[in-house]
Amino acid sequence: MFDRTMGTPKKRGRARSLGVVALAACTGLVLSACGSTKDTVSSDGGGDGTGKVGVILPLLTSPFWQSYNDYVPKMAKSEGVDALKTVNSNSDPSQQITDINNQLNQGVKGLVVAPLDSAAIEAGLDQAERKGVPVVAVDVAPEKGKVAMVVRANNVAYGEQACDYLGKHITSGKVVQIMGDLASVNGRDRSEAFRACVKEKFPKLKVLEIPAKWESDAAASKLDTLLNANPDIKGIYMQAGGVYLAPTLQTLKSKGMLKKTGEAGHIAIVSNDGIPQEFDAIRKGEIDATVSQPADLYAKYGMYYIKAAMAGKTFKPGPTDHDSEIVKLPSGILEDQLPAPLVTKENVDDPNLWGNSVG
């Protein structure tokens with residue numbers, strides 16, 4: 001999502017080369033936490049990793065976050081985490097700070113939060129730090145504040161993958177990116193990456209932009225206006241399929257512009273989320289591709305890292321044992337960048353994709 005919805009697929013060769021480097025660096029060291037989730041060290045002795053954990057959602061109006069919400073109790077159980085019933089901040093950053101404070105007042109020993117606003121979340125993180133409660137951020141990296149880990153995917157790669165797909169299928173003309181909330185690092189990363197990639201690799205494409213703040217109504221009305229002025233659009237990048245897929249398809253359909261792949265006048269569409277609805281749209285030929293943002297792994301490793309943090313364990317940058325890489329952000333925060341593959345008609349039925357395992 002942000003997505004408030006909203007990683008890059010790791011290339012096997014690169015992952016192997018990184019693993020060689022990491023192995024060389026770790027030779028002779030014991031429990032040095034060279035990026036692997038199996039190799040951890042305790043920063044202060046820590047506790048035993050037990051206690052109630054609060055889980056705060058950004059919204060529940062998107063199928064992506066509905067799926068994440070469904071995964072939370074399952075992954076909490078599998079990771080041995082005592083998670084409370086999830087709390088929905090309902091797209092309100094100020095409400096999210098209140099939700100954090102309410103959870104802290106209930107005596108939670110850990111928090112897993114999907115921030116709505118990269119900057120505003122600092123107030124809640126500071127409250128948690130003052131009470132000695134570790135926090136794991138999911139999907140969005142905070143600009144400031146202390147978190148034990150960010151569980152996320154590479155959102156720059158999201159924009160680049162969408163750009164590469166459209167650029168290879170459209171030789172010239174206008175393409176639209178329906179952007180997320182630019183108050184979120186996810187919205188900024190996806191927007192800037194798509195824009196920069198088109199400029200560098202596909203200069204014959206002209207990018208038109210719709211700031212939609214992860215809001216379906218805004219996406220629909222602004223796309224309608226844009227299409228009235230630009231009926232010759234050839235491509236669309238939706239930064240959050242969970243909130244933009246339905247209004248985009250409905251808008252195109254109402255204008256007689258929803259043509260299936262292979263038909264004359266088809267508008268190439270790349271989405272972002274990996275929800276079942278996007279997969280169905282790919283099978284029908286209504287859209288061409290989507291980036292599968294790992295809702296299941298967000299829940300799984302959100303639980304894994306909060307349990308580790310509650311036990312006082314820490315991690316270092318490097319490749320992990322689950323096909324991802326922990327990186328240090330400019331802020332000094334660590335982020336586990338989980339894989340997020342591009343899904344097209346060639347691999348849309350892959351049973352390993354989480355979007356094929358939910359209703």
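Start at 1 with the first residue, then count along the sequence.
- Note that CG of D323 and CD of Q337 are 12.5 Å apart. Values are rounded to the nearest 0.5 Å.
- For the pair L111/V136, no side-chain contact is recorded, criterion being any heavy-atom separation below 4.5 Å from C-beta on.
- Nearest heavy-atom pair across S324 and P339 is CB-CD, 4.1 Å.
- A distance-only check finds no donor-acceptor pair linking the side chain of K201 to the backbone of D164 [under 3.5 Å].
- Contact check on K174 versus D232 returns a salt bridge, with a Lys/Arg side-chain nitrogen under 4.0 Å from an Asp/Glu carboxylate oxygen.
- Side-chain atoms of E209 and S191 form no donor-acceptor pair, as typed in the model, at a separation below 3.5 Å.
- The only member of L57, V55, N88, L59 that meets side-chain contact (heavy atoms from CB on, under 4.5 Å) when paired with N69 is L57.
- Residues V243 and V176 are members of one and the same hydrophobic cluster, defined by side-chain heavy-atom contacts under 4.5 angstrom among Ile, Leu, Val, Met, Phe, Trp and Tyr.
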Evaluate V358 against D70 for side-chain contact (heavy atoms from CB on, under 4.5 Å), listing each step before the verdict.
CA-CA 9 Å; V358 298; D70 291 341; over 6 Å; no
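- Of the listed residues (E160, E192, R190, Q239), just one forms a side chain to side chain donor-acceptor pair (under 3.5 Å) with N155, and that residue is R190.
- For the pair G145 and I333, the tightest heavy-atom approach, listed with the atom from each and the gap, is O-CD1, 3.7 Å.
- Closest heavy-atom contact between A268 and I170: CB-CD1, 4.0 Å.
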Evaluate the criterion side-chain contact (heavy atoms from CB on, under 4.5 Å) for residue pair L249 and L258; output intermediate values, then yes/no.
CA-CA 7 Å; L249 295 182; L258 184 59; 3.8 Å; yes
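- Not a single donor-acceptor pair under 3.5 Å links the side chain of D296 to the backbone N or O of W354.
- Taking the side chain as every heavy atom from C-beta outward, N356 and P351 never approach each other to under 4.5 Å.
- Ring pair W214/Y244 is parallel by interplanar angle, where below 30° counts as parallel and above 60° as perpendicular.
- For the pair R188 and E143, the salt-bridge criterion is met [side-chain N within less than 4.0 Å of a carboxylate O].
- A donor-acceptor contact shorter than 3.5 Å is absent between the side chain of E200 and the backbone of A196.
- The distance from the OG1 atom of T50 to the CE atom of M310 is 6.0 Å, given to the nearest 0.5 Å.
- A salt bridge does not link K345 to D288: none of the charged nitrogens lies less than 4.0 Å from a carboxylate oxygen.
- In terms of heavy atoms, V140 sits closest to S118 at CG1-OG, 3.4 Å.
- In terms of modelled atom types and a separation under 3.5 Å, the side chain of E79 and the main chain of Y304 share no donor-acceptor contact.
- Here the side chain of H169 pairs a donor or acceptor atom with the backbone of Y165 at under 3.5 angstrom.
- Under a cut-off of 6.0 angstrom, the local environment of NZ in K222 is crowded, with over 12 non-hydrogen atoms contributed by other residues, nucleotides or ligands.
- Counting heavy atoms from C-beta outward, V291 and D273 have side chains that stay 4.5 Å or more apart.
- For F315 and Y305, the ring centers sit closer than 6.0 Å to each other.
- Residues R283 and V348 meet the side-chain proximity criterion, which asks for heavy atoms closer than 4.5 Å.
- Summarising the geometry of V150 relative to V147, their closest heavy-atom pair is CG2-CG2, 3.9 Å, with the distance given to 0.1 Å.
- Counting only heavy atoms from C-beta outward, the side chains of F279 and V343 approach each other to under 4.5 Å.
- For K131, the side-chain hydrogen bond (donor to acceptor under 3.5 Å, both in side chains) partners are N105, not counting sequence neighbours.
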Under the side-chain contact (heavy atoms from CB on, under 4.5 Å) criterion, do Q103 and L84 qualify, and how do the steps go?
CA-CA 9 Å; Q103 295 283 287; L84 298 175; 3.9 Å; yes
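- At least one side-chain heavy atom of P142 sits less than 4.5 Å from a side-chain heavy atom of L125.
- Scanning both residues, P294 and Y158, for their nearest heavy atoms gives CD-OH, 4.4 Å.
- T61 contributes atom OG1, which lies 7.5 Å from atom CG of N90 (distance to the nearest 0.5 angstrom).
- Side chains of S62 and Y68: a donor-acceptor N/O pair is absent below 3.5 angstrom, by distance only.
- Between K52 and D82, at least one side-chain nitrogen of the basic residue sits less than 4.0 Å from a carboxylate oxygen of the acidic one, meeting the salt-bridge criterion.
- In this structure, I210 CD1 and M179 CE are separated by 8.5 Å, a value rounded to the nearest 0.5 Å.
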How far apart are the C-alpha atoms of T86 and I56, what are their side-chain angles, what is the distance that settles it, and do they pass the side-chain contact (heavy atoms from CB on, under 4.5 Å) test?
CA-CA 6 Å; T86 56; I56 298 177; over 6 Å; no
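- Annotation for K168: atom NZ does not count as buried by contact number, only 12 or fewer foreign heavy atoms lying within 6.0 Å.
- A salt bridge is absent between E335 and K328: the closest approach of a Lys/Arg side-chain nitrogen to an acidic carboxylate oxygen does not fall below 4.0 angstrom.
- A donor-acceptor pair under 3.5 Å is absent between the side-chain atoms of D92 and the main chain of S89, judged by distance alone.
- Contact annotation: the side chain of D139 approaches that of Y298 to within less than 4.5 Å [non-hydrogen atoms, C-beta and beyond].
- In this structure, the separation between CG on L227 and CD1 on I236 is 6.5 Å, given to the nearest 0.5 Å.
- Salt bridge absent: K260 and E286 never bring a charged side-chain N and a carboxylate O closer than 4.0 Å.
- Under a 3.5 Å cut-off, the side chain of S184 and the backbone N or O of G180 do not form any donor-acceptor pair.
- A donor-acceptor pair under 3.5 Å is formed between the side chain of T344 and the backbone N or O of E346.
- No donor-acceptor contact under 3.5 angstrom links the side chains of D224 and T251, judged on distance only.
- Checking D99 against Q95 by side-chain atom types alone, a donor-acceptor pair falls below 3.5 Å.
- Taking the charged nitrogens against the carboxylate oxygens, K146 and D126 have no contact shorter than 4.0 Å, which rules out a salt bridge.
- Side-chain contact check for L338 versus H322: some heavy-atom pair is nearer than 4.5 Å.
- Residue L223 holds its CG atom at 11.5 Å from CD of Q250, rounded to the nearest 0.5 Å.
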